[in-house]
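Chain letters run A, B, ... following the sequence lines, proteins first, then strands; residues in each count from 1.
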Amino acid sequence: MIIGLLVISAIAFFISFIYIDKMTTRLIATGIAGVILIISLFAIVANYHSHYGMEKVETVKTQQIYSADRTGRLDMLLFQPIGTAGKENVYIYSKHDDSKKLATHKQMSSQLVTLNSIMLTKLS
Amino acid sequence: MSKALDAQGKSYNRLMLVIVLLVGTFCTVLNQTILATAFPTLMKAFDISTSTVQWLTTGFLMVNGIMIPVSAWLSTRFNTKWLYISAMLIFEVGTILAWAAPSYSVLLSGRLIQAVGVGISMPLLQNIMLSIFPANKRGVAMGLAGVVIGVAPAIGPTLSGYIIDTWEWRYLFGMIIPIVALVIVLAFFFMKPVLKTAKSQIDWLSLCLSTVGFGALLYGFSSVGDKGWGSAIVLTSLIIGIVVISIFVWRQLKMEKPFLELRVFTSKEFTIATALSSIVMIAMVGVEMIVPLYLQMIHGMSAFNSGLLLLPGAVMMAVMSPITGQAFDRIGARRLAIAGLFLLTAGTLPFVVLTKSTPIIYIVFLYAVRMFGISMVMMPATTAGMNALSSQLISHGTAVNNTVRQIASSIGTAVLVSVLANVTKSQMPGKHLLTSEPLEYKVRALNATMAGYQGAFWVAVIFCIVGFVIAFFMKSSATHQKGVN
């Protein structure tokens, strides 16, 4: 809708400024079109820059992950630090239950894994 | 419209002449940007580096720019019909050479030969359009020329992306060959010697000075993006360019019958119009180059898709150009220029706060609003400038206007690209972060690139505002003066 408003006001601005010969009518019509144009531009910027009209939605998704040890003997989550500061790690785990025999696997909330911006890689 | 007479007093078919002229020139101008998205393919095909392949465009634009000042002399010296046919023939030879090129050097030669043709045909088009229509219909005529001059370079990248994805690079040139061949054949029947000519000697020294001067200047500015302002090559060629052009200007002003009549600048109207069309050119060409870069780097789009998104803007200009031309004939350039620059400035400002996740649909429409504004300024301002000159000076006026515009666009591109590069560089996180926290580095590097784009768009906005102010200095009347002679 905001794009429609932008297009219409831009065309209206052009037509009123160029094709209306009477001075006062021209200035009034152009002024209105210009103001609507600027408002629509502000709305567009507010939308993409300041996220106007958007709601902040937090989604938490829990996903079952499985031991990195594919033989199923050990429950483990491997990680390897990337970079030397030790703040960023790559976690290694299985995404699918490869061995059906084992009934239980340690479950880990993904929240724990995505503390920082962390890449998840799967072993396979 | 009843009877059109050429320079020899014979009647001719004006509609067919205009069609032949527009189609032929469209094909030539298209070649300015047609290789933009073809570089990776060509690098692979000929096994050459990025800096080598760029010569296909840099060299082209240099030869093109060098030819434009010469065109003033050519079009007042030679029969228009044969000049146009020769330009198209030269272009056709270059195109065939590029199409069949077995090696890079042949391809480059083909491109440079093409550029000679374009350098003649582009100003010739404007010259002819201004001469064969009465002064009160020039707006529409120049609007049609604007479709060629403004739109052909804009669709070049998209077209080449499409052709390379669908066929192969040789068709970029191959598809033009039959069209130009047809244009040449038709030109034999429909092109007429419409411009007044007189036998005059060419001043060889001026020719050399203009070739070296404009060549060096264009080379300098086109190397900025690659090498930076501090590079010895850039500085040397810019200094050589400025010095040689100064000598050139001094010589032209002293000569009785100059090679390029610079006294056209004594007309205030012409000077303002030239400044305005140049600033708009900077705002157009610079952003035309930055926006696809942004789409490719930040949104990860292909060259072809990013070109496709700019197509609505180009189409907008093609549709609007004749309409604004008609409006020009009614009310003159002042109101059009003010309205256009208002829309251009308003349409550019949102780009300053562009973010990494700005929806693409907004970019498409904002870009179209910019082009809408540009279509109201560029050709109407040029026409207003030409109308301020007497008819003998039109060919010189066109050459001066085109030369200034060409240099302005190369300056615009250089400034925007270097602002983009420098701001990005200054905001870049230190290299040690790459080893200590690589992911954090990535995030900050992306932010630095965004800051670079925003900086470049700020510069574009400044140009728009300067243009907006200049627009108010234009004369308001649509009456046509014949001031300077």
Exercise. Heavy-atom distance under 4.5 Å to chain B: side chain of A/Leu6, backbone, both or neither?
Worked result: side chain
For this session: Mind running side-chain contact (heavy atoms from CB on, under 4.5 Å) on B/Ile361 and A/Ile3 for me, showing each step along the way?
Result: CA-CA 9 Å; B/Ile361 183 101; A/Ile3 288 174; 3.4 Å; yes
For this session: Decide yes or no for A/Ile18 and B/Phe328: does some side-chain heavy atom of the first lie under 4.5 Å from some side-chain heavy atom of the second?
Result: no
For this session: Measure distances from A/Ile38 to the heavy atoms of chain B and classify the residue's part below 4.5 Å as side chain, backbone, both or neither.
Result: side chain
Exercise. Non-hydrogen atoms of chain B under 4.5 Å away: do they reach the side chain of A/Tyr19, the backbone, both or neither?
Worked result: both
Seminar exercise, completed: Note: B/Thr358 and A/Tyr48 closest approach over all heavy atoms is OG1-CD1, 3.3 Å
Seminar exercise, completed: The interface call for B/Leu349 against chain A, heavy-atom contacts under 4.5 Å, is neither
Exercise. Ring centres of B/Phe342 and A/Phe17 under 6.0 Å apart?
Worked result: no
Problem set entry | B/Val353 versus chain A, the contacting section by heavy-atom distance below 4.5 Å | both
For this session: Might you confirm whether atom NZ of B/Lys425 has over 12 heavy atoms from other residues, nucleotides or ligands at distances under 6.0 Å?
Result: no
Problem set entry | Side chain, backbone, both or neither of B/Met316 within contact of chain A (heavy atoms, under 4.5 Å) | neither
For this session: Decide yes or no on side-chain contact (heavy atoms from CB on, under 4.5 Å) for B/Leu343 and A/Leu37, but give the supporting numbers first.
Result: CA-CA 9 Å; B/Leu343 287 172; A/Leu37 178 83; 3.5 Å; yes
For this session: Decide yes or no for B/Tyr362 and A/Val45: does some side-chain heavy atom of the first lie under 4.5 Å from some side-chain heavy atom of the second?
Result: no
For this session: Measure B/Ile363 against the heavy atoms of chain A and call it side chain, backbone, both or neither at under 4.5 Å.
Result: neither
Exercise. Closest heavy-atom contact between B/Gly347 and A/Leu41?
Worked result: N-CD1, 4.5 Å
Seminar exercise, completed: Between B/Leu336 and A/Phe14, the two heavy atoms sitting closest are CD2-CE1, 4.0 Å
